[in-house]
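Reading through the structure tokens given below for one structure.
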Amino acid sequence: MKKKSIIAFIAGKSGGHIIPAITLAKKIYNQDADATILFFSTANALDKAILDNYSFITHIPIYLDNIPRKLWFYPVYILKTIFIIFQCFRLLRKNKPSKIISMGGYISLPVCIAARFLKIPIELFELNAIPGKAIKILSPLARTIWYCFPEAKKYLPQQKSEYCLYPLNFTQTDRNSTLHAINTLNLQKNRKTLFVLGGSQGSIFINDLIKNIVLTNPAILSSIQIIHQIGKDNIDEWSSLYKSLSLPHHVFSFNHNMAPFYNAADCIISRAGAGTIFEILFFAKPAILIPLKTNTTNHQYFNAQAIADKFPQLISVLPQEEIMKDNNLFKKTIKTFL
């Protein structure tokens, strides 16, 4: 009798980590419907909302916050991490997965450390142009490290690192004509379509930019329509704004089928998560990328710049701080696409 395959994935707190992990999990499950897919992620609402849509996945939440920035929180955090390592150890020993596939992030640390003690092979996926801290820390424990940006290779152990295509949740059949997508979304074919992406959690900064554009540039209102991922903002509020301006629109928070939105777009305005960038390239759409810079990482800027250097005809990069310094910079750039 064939031994049942059990694979464990780790990804959380970001659609940019979870979606490519699910894509890989679906591929395994489609090849072997008897496979058991364990999925370690954070316990937040976004992770649960995404993973609940996949009945073949067994979700295992990890109740651990991100690494604190203030030193006096470290002792408690370390103790909690040790406790969770033991929890993961018991879970992995009970389920006996044949391998661990991690997308990085802080929640990978306790799972991979437990897996190392149990001698379970670990595969890491570095999805960004510059590897994150978790990937660097876990590199010595990994059997294989897959990277999607060629720029990442120089930061990784050469003997165990291999290039791979970004695991996109799209196939060639997802590509349709712009007109077909416009009709599907009940939009107008005689207008330019802006697709505004703030990521799975939305972007207040990008939302404010778009609000400013539509409220202060009445001349463009008759020539555009908007597909807008507003994230956590109020959908009814945004829909009311667009209706008051007689602006055709489609607003949403999260959607598992993004293909019609990409197909309909004439121009995309987006943050610069790795997944979003590779999706934009897959659909070959012009885009203005506004990388998110946080206190802990500048991944999005390096991702955006790496792709803009290769595809300058498609991608423009506008750092958020530059837009804040020059109020007209975003307006000037968007006009070149319309």
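The first residue in the sequence is number 1, and the count goes up from there.
Cation-pi geometry between K211 and W238 is met: under 6.0 angstrom from the ring centre, within 45 degrees of the axis. A cation-pi arrangement is not found for R93 relative to F117, the charged atom failing to lie both closer than 6.0 Å to the ring centre and inside a 45° cone about the ring normal.
For F40 and F9, the distance between ring centers is not under 6.0 angstrom. Close placement of the F170 and F283 rings is indicated, their centers lying within 6.0 Å of each other.
There is a side-chain donor-acceptor pair under 3.5 Å between T193 and Q225. Side-chain N/O atoms of E126 and W146 include no donor and acceptor closer than 3.5 Å. Looking only at atom types and distance, the side chain of N169 has a donor-acceptor partner in the side chain of K26 under 3.5 Å away. Under the 3.5 Å distance criterion, with hydrogens and angles disregarded, a donor-acceptor pair is assigned to the side chains of N303 and N128. For the residue pair Y242 and H228, a side-chain donor N or O sits within less than 3.5 Å of a side-chain acceptor on the partner. In this structure, a donor-acceptor pair under 3.5 Å is present between the side chains of N53 and H256. With 3.5 Å as the limit, one finds no donor-acceptor pair spanning the side chains of S5 and D32.
Taken together through direct or relayed side-chain contacts under 4.5 Å among Ile, Leu, Val, Met, Phe, Trp and Tyr, L292 and V317 form parts of separate hydrophobic clusters. Criterion: ILVMFWY side-chain heavy atoms under 4.5 Å apart, direct or through other members. Under it, L79 and I62 are not part of a common hydrophobic cluster.
Between F261 and F252, the ring-plane angle classifies as parallel under the 30° and 60° cut-offs.
In this structure, K310 pairs ionically with E151, as a charged nitrogen and a carboxylate oxygen lie closer than 4.0 Å.
Only one option out of Y166, F125, Y155, F278 pairs with F149 in a ring-ring contact (aromatic ring centres under 6.0 Å, His included); it is F278.
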